[in-house]
Amino acid sequence: MIWRNLTKIKYYENGNYYDSHYDVARFTILTYWFKEPKSFTGGDLYFKEQYINIKPKIGDIVIFPSREPYFHQSKIVTSGTKYMSAIFF
């Protein structure tokens with residue numbers, strides 16, 4: 001099996017979210033970009049099965065297995081714009 005790295009740059013504006021899912025890779029790395037003071041609210045990373053809620057902070061890196069049972073979602077951004085990158089390998 002050949003695994004290729006895939007990087008996505010994403011942004012979520014006010015009212016955007018990403019439903020619960022798992023990724024098709026071995027691992028997922030998420031990084032968050034913004035200047036202080038943080039210019040968005042909401043947009044937390046939530047792991048459904050583990051009941052873990054992560055509020056993004058500047059420079060945060062989150063690494064986790066990409067498959068079941070690590071269903072995760074980006075909760076709704078309630079104001080501003082959230083910028084992030086996702087790397088899958």
Side-chain angles (χ1 to χ4, degrees):
M1 180 179 289
I2 297 174
W3 289 93
R4 296 192 176 129
N5 292 345
L6 175 64
T7 302
K8 290 185 176 184
I9 308 295
K10 299 188 70 140
Y11 69 93
Y12 296 84
E13 295 178 308
N14 187 22
N16 291 157
Y17 63 94
Y18 202 110
D19 279 333
S20 184
H21 65 284
Y22 63 87
D23 302 316
V24 183
R26 290 184 183 167
F27 292 94
T28 300
I29 301 172
L30 302 179
T31 59
Y32 300 91
W33 315 333
F34 52 88
K35 293 180 183 179
E36 291 291 353
K38 189 168 89 171
S39 61
F40 68 92
T41 56
D44 296 358
L45 174 63
Y46 181 66
F47 288 89
K48 177 176 149 179
E49 300 292 322
Q50 294 77 21
Y51 304 103
I52 296 172
N53 192 70
I54 299 172
K55 292 185 180 297
K57 295 182 193 142
I58 192 165
D60 273 359
I61 297 174
V62 181
I63 302 171
F64 56 93
S66 299
R67 298 195 174 231
E68 291 186 71
Y70 296 96
F71 289 91
H72 56 283
Q73 70 184 72
S74 177
K75 291 186 173 180
I76 193 166
V77 172
T78 54
S79 70
T81 303
K82 176 179 86 171
Y83 295 92
M84 61 169 291
S85 64
I87 302 169
F88 308 98
F89 66 96

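Numbering starts at 1 and runs along the sequence shown.
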Q: Any chance you could pull the hydrophobic cluster mates of I76, using side-chain heavy atoms under 4.5 angstrom and chaining through other members?
A: Y17

Q) What pairs meet the salt bridge (charged side-chain N to carboxylate O under 4.0 Å, His left out) rule with one or both residues in residues 40-51, with sequence neighbours excluded? A) D44-K55

Q) How far does CG of N16 sit from CZ of F40, to the nearest 0.5 angstrom? A) 12.5 Å

(Q) Looking at every non-hydrogen atom in both residues, tell me the closest pair between T41 and T78 and how far apart they are. (A) OG1-OG1, 2.6 Å

Q. Is the H72 ring parallel, tilted or perpendicular to the F47 ring (thresholds 30°, 60°)?
A. tilted

Q: To the nearest 0.5 angstrom, please state how far the CG atom of D23 sits from the CG atom of L30.
A: 7.5 Å

Q.
Measuring from atom CD1 of I9 to atom CH2 of W33, what distance do you get when rounded to the nearest 0.5 angstrom?
A. 3.5 Å

Q | Rounded distance [0.5 Å steps], OG1 in T28 versus CD1 in I63 | A | 10.0 Å

Q) Is Y46 isolated, or which residues cluster with it under the ILVMFWY side-chain rule of less than 4.5 Å, directly or via members? A) Y51

Q.
According to ring pair (Phe, Tyr, Trp, His ring centres under 6.0 Å), who are the partners of Y18, at least two apart in sequence or on a separate chain?
A. H21

Q. F71: what forms a ring pair (Phe, Tyr, Trp, His ring centres under 6.0 Å) with it, not counting sequence neighbours?
A. Y22

Q.
side chain to side chain contact (heavy atoms under 4.5 Å, CB included), that's the test. Do V24 and R67 meet it? Break it down for me.
A. CA-CA 7 Å; V24 183; R67 298 195 174 231; 3.7 Å; yes

Q) Does any non-hydrogen side-chain atom of V77 lie less than 4.5 Å from one of Y11? A) no

Distance-only donor-acceptor pairs under 3.5 Å for side chains of residues 81-89, two or more places apart:
from: K82; atom 1: NZ; to: G43; atom 2: O; distance (Å): 2.8
from: K82; atom 1: NZ; to: S74; atom 2: OG; distance (Å): 2.7
from: S85; atom 1: OG; to: T31; atom 2: OG1; distance (Å): 2.4

